[in-house]
Q: 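Got a structure for you, questions after.
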Amino acid sequence: MLLGAVLVLLLLGGAAPASAHAGLRGADPEDGSVLESAPRHVTLTFTESVGLLEDSFRVYSPENRRVSLGEPQHADGASDTARIDLPDGLAEGTYTVAWRVISADSHPASGAFSFSVGKPSPTAPAVPAEQVEHPVTKSLYDTGRHLAYIAAALLIGTAAFVALCRPPDTAPLRPALLTGWWTLLAATVALLVLRAPYETGTAPATAFDASAFARTLTGRPGIALLTRLALLLLTAAALLWTSRRPAPEADRTPRAHLAAGAALSVGLALTWAAAEHASAGIQVPLAMTSSVLHLLAMACWLGGLTALLLTLRRTRTPPPVATVARFSRLAFASVTVLVVTGAYQSWRGLGSWAALTETSYGRTLTVKLVVTAVLLAAAGLSRLWTARLAAAKAPVAVEERVPQPVGAAGAGPGTKPGAGEPEAGKPGTGEPGAGSGDRPRPPADEPDRRRRALRLSVLVEVAVGIVVLLVTSVLTGTLPARAEAETARTAGTAPVAGLPGASTVTIPYDVGTPGGKGRVQITLDPGRVGENGVQAVVFGADGGLTIVPELRLSFTLTAKDIGPLDARLTDRGGYWATSDLNLPLEGTWTMKATVRVTELDQVSASRKVRIAR
């Protein structure tokens with residue numbers, strides 16, 4: 001189930017548009033402004049602190065040529081600004097500025113705007129399209145983020161279950177601990193390697209660029225990932241240390257073990273809080289504290305559920321009711337923390353009730369709340385079966401202490417302990433099948449039935465919990481509604497975007513042969529007159545990415561008798577693209593895609609695309 005959910009998120013994530021987390025609050029010069037003289041620099045102000053790349057700015061002249069620039073920097077040392085110095089002697093006309101920065105919550109943000117010197121150009125220059133995000137890089141990076149969340153919950157939750165609930169047999173839980181640790185280690189290494197191409201929007205192969213990787217290691221997201229790796233090594237040492245020590249005689253976990261586990265868990269949770277939404281915006285210290293508590297409570301609940309399920313399914317003897325009852329109390333405390341911290345984080349991210357339905361962040365949060373409500377309902381059912389299981393055990397303890405009837409073997413005065421004990425099933429034994437002198441007790445299979453019901457309800461909790469984790473990871477990749485509203489308010493209109501929105505068109509195809517059905521998702525950026533970039537991804541019949549021998553794309557403007565213009569797509573290793581498609585006139589163009597799935601089988605399909613000036 002976990003693997004299937006991750007694959008679904010991989011496919012959906014690969015097709016999703018980018019989410020900019022640092023909203024552009026203002027630009028100097030302003031978008032669309034006409035200046036009497038050329039400015040000395042371009043300054044951008046964002047809703048949160050941002051990191052700069054070597055290529056954070058691209059400025060294009062009225063002739064659509066790239067202007068030579070220096071190194072970007074923060075204006076007056078303010079971390080929420082980005083500035084680039086312009087060369088002297090800028091000619092008259094309209095200039096277009098494209099920018100790309102890294103938000104404080106580790107996600108890249110980009111956009112563009114234009115200004116004019118003297119007077120606007122007759123036709124505004126079109127920016128040669130730069131890929132905002134590489135689909136393969138984004139899919140791999142998002143999958144790593146999803147796996148890291150799930151692995152952290154499994155590792156921390158299983159360890160908390162062992163330390164706080166104290167099951168008598170921990171052998172079935174060791175694979176879960178190892179799986180969580182190794183998965184989190186592999187996901188963290190993958191995120192660290194893919195960080196540079198994720199920031200720059202390039203192919204995964206650029207991860208081996210030494211200078212880019214060195215820049216990653218000095219940025220806040222890179223430092224957080226390195227810290228996570230160090231903490232994982234310490235966690236491995238701690239697990240080895242505790243496994244080799246003799247078990248304590250008392251039925252409790254040593255305080256040293258609890259302290260070490262708590263410190264490592266808090267440290268791991270901080271590596272997320274320091275590089276995501278909590279590290280930017282309002283009330284950062286309180287937000288980071290809330291984020292750490294939220295993640296730890298989530299891990300104790302959902303990871304502990306997995307540990308409980310393994311204990312119920314894989315142990316030869318059922319776990320003591322005391323173990324299940326301890327986890328029930330731990331889960332109740334975790335849910336309480338989740339409700340309190342979740343309410344605060346929702347208020348901090350939304351800013352208003354209207355944002356709950358009017359923004360992507362609010363709608364994603366609504367989905368999470370609905371799924372969490374289902375999870376709470378399943379948790380309530382598990383708590384009910386836990387109470388019934390405990391009640392079913394109580395009569396057994398009472399019956400074992402029932403005195404034997406007068407005259408039973410071994411009941412007389414002076415009888416030695418253990419002498420003449422009756423066999424099971426004989427009158428007076430207190431065992432099933434005893435005579436009428438026994439107290440009434442539930443049927444022999446009643447505790448087993450209740451245990452099976454508890455196991456089923458816990459299984460439902462685990463399944464729904466995985467969905468909650470995946471929705472949470474999607475939520476961390478969505479622009480908070482409060483930041484979006486602040487951007488729109490300061491801009492006086494919708495959030496500042498620069499280039500017209502990229503057009504995304506999906507064209508289904510069917511060759512008529514087995515495996516010859518699918519769809520092509522085509523992104524045209526910026527979707528206006530002039531040079532455009534095209535990225536095309538082919539999906540198979542099962543909805544997964546597929547490789548085809550050839551993909552051709554052409555554009556025809558029938559009203560002006562122009563075309564067909566061949567886009568000349570090239571295979572970029574998993575997707576098809578070009579950056580120099582020139583569409584000379586505005587209007588409704590016909591976009592025709594030809595997909596060849598084998599050496600002999602191909603099919604063509606067309607869609608209408610509106611190209612603006």
Q: Who are the side-chain contact (heavy atoms from CB on, under 4.5 Å) partners of Thr323, not counting sequence neighbours?
A: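 Applying side-chain contact (heavy atoms from CB on, under 4.5 Å) to Thr323 gives Phe161, Cys165, Pro167, Pro168, Pro320, Arg326.
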Q: I'd like to check the side-chain hydrogen bond (donor to acceptor under 3.5 Å, both in side chains) partners of Thr81; sequence neighbours left out, ordered by chain and number.
A: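 Result, side-chain hydrogen bond (donor to acceptor under 3.5 Å, both in side chains) vs Thr81: none returned.
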Q: Return each pair, listed once, that meets ring pair (Phe, Tyr, Trp, His ring centres under 6.0 Å) where at least one residue sits in residues 205-235; pairs must be two or more places apart or across chains.
A: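 Listed once each, the pairs would be none.
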Q: When you compare the side chain of Leu225 with that of Val189, does any pair of heavy atoms fall below 4.5 Å?
A: no
Q: Can you tell me how far CG of Leu310 sits from OG1 of Thr158, rounded to the nearest 0.5 angstrom?
A: 7.0 Å
Q: Step by step, work out the ring pair (Phe, Tyr, Trp, His ring centres under 6.0 Å) result for Phe327 and Trp301.
A: CA-CA 9 Å; Phe327 176 74; Trp301 183 19; 8.9 Å; no
Q: Quick one: does Ser291's side chain have a donor or acceptor within less than 3.5 Å of a partner on Ala287's backbone?
A: no
Q: Are the side chain of Arg145 and the backbone of Ala187 linked by a donor-acceptor contact shorter than 3.5 Å?
A: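 Between the backbone of Ala187 and the side chain of Arg145 there is no qualifying donor-acceptor contact (under 3.5 Å).
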Q: Carefully, step by step, assess Gln521 and Phe539 under the rule side-chain contact (heavy atoms from CB on, under 4.5 Å).
A: CA-CA 8 Å; Gln521 180 177 288; Phe539 296 92; 3.9 Å; yes
Q: Measure the spacing between NZ of Lys138 and CG of Leu140 and express it to the nearest 0.5 Å.
A: 11.0 Å
Q: Please report the shortest heavy-atom distance between Val101 and Ser56, naming the atom on each side.
A: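 Smallest heavy-atom distance, with atoms named: CG1-OG, 4.4 Å.
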Q: List the steps, then state whether side-chain contact (heavy atoms from CB on, under 4.5 Å) holds for Val50 with Ile102.
A: CA-CA 5 Å; Val50 295; Ile102 306 301; over 6 Å; no
Q: Could you pull out the closest heavy-atom pair between Ala148 and Leu184, with the gap in Å?
A: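 Of all heavy-atom pairs spanning Ala148 and Leu184, the closest is O-CD1, 3.6 Å.
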Q: Considering all heavy atoms of both residues, which atom of Glu199 and which atom of Pro108 are nearest to each other, and what is their separation?
A: O-CB, 4.0 Å
Q: Report yes if the side chains of Trp241 and His257 come closer than 4.5 Å at any heavy-atom pair, otherwise no.
A: yes
Q: Between Leu293 and Leu338, is the side-chain contact (heavy atoms from CB on, under 4.5 Å) condition met? List the steps.
A: CA-CA 8 Å; Leu293 292 176; Leu338 283 172; over 6 Å; no
Q: Please enumerate all residues that pass side-chain contact (heavy atoms from CB on, under 4.5 Å) together with Val266, with sequence neighbours excluded.
A: Leu270, Val292, Leu296
Q: Is it the case that the side chain of Thr311 and the backbone of Ala307 share a donor-acceptor pair, with hydrogens and angles ignored and the cut-off at 3.5 Å?
A: yes
Q: Kindly compute the distance separating CG (Leu268) from OG1 (Thr227), expressed to the nearest 0.5 Å.
A: 10.5 Å
Q: Only counting residues at least two apart or in another chain, list the ones meeting side-chain contact (heavy atoms from CB on, under 4.5 Å) with Ala190.
A: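 Partners of Ala190 by the side-chain contact (heavy atoms from CB on, under 4.5 Å) criterion come out as none, since no residue qualifies.
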Q: Using 0.5 Å steps for rounding, measure from the CG atom of Leu229 to the CG atom of Leu192.
A: 6.5 Å
Q: To the nearest 0.5 Å, tell me how far Ile156 CD1 sits from Leu302 CG.
A: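 It comes to 11.5 Å.
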Q: For the residue pair Arg195 and Thr216, confirm or rule out a side-chain donor-acceptor distance under 3.5 Å.
A: no
Q: Specify whether Tyr149 and Trp272 have parallel, tilted or perpendicular ring planes, treating 30° as the upper limit for parallel and 60° as the lower limit for perpendicular.
A: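 Plane angle between 30° and 60°, so tilted.
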Q: How far apart are the closest heavy atoms of Pro197 and Val193, and which atoms are they?
A: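 The answer is CD-O, 3.8 Å.
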Q: Looking at every non-hydrogen atom in both residues, tell me the closest pair between Val136 and Pro204 and how far apart they are.
A: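 Minimum heavy-atom contact is CG1-CG, 3.9 Å.
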Q: Taking side-chain contact (heavy atoms from CB on, under 4.5 Å) as the definition, give me every residue that meets it alongside Leu234, ordered by chain and number, with sequence neighbours left out.
A: Leu231, Leu264
Q: Search all heavy atoms of Ala153 against all heavy atoms of Met298 and return the closest pair with its distance.
A: CB-SD, 3.8 Å
Q: Which is it for Leu154 and Thr179 under the side-chain contact (heavy atoms from CB on, under 4.5 Å) test, yes or no, and what are the steps along the way?
A: CA-CA 8 Å; Leu154 183 61; Thr179 301; 4.1 Å; yes
Q: How long is the gap from CG on Leu232 to CG on Leu155, to the nearest 0.5 Å?
A: 7.0 Å
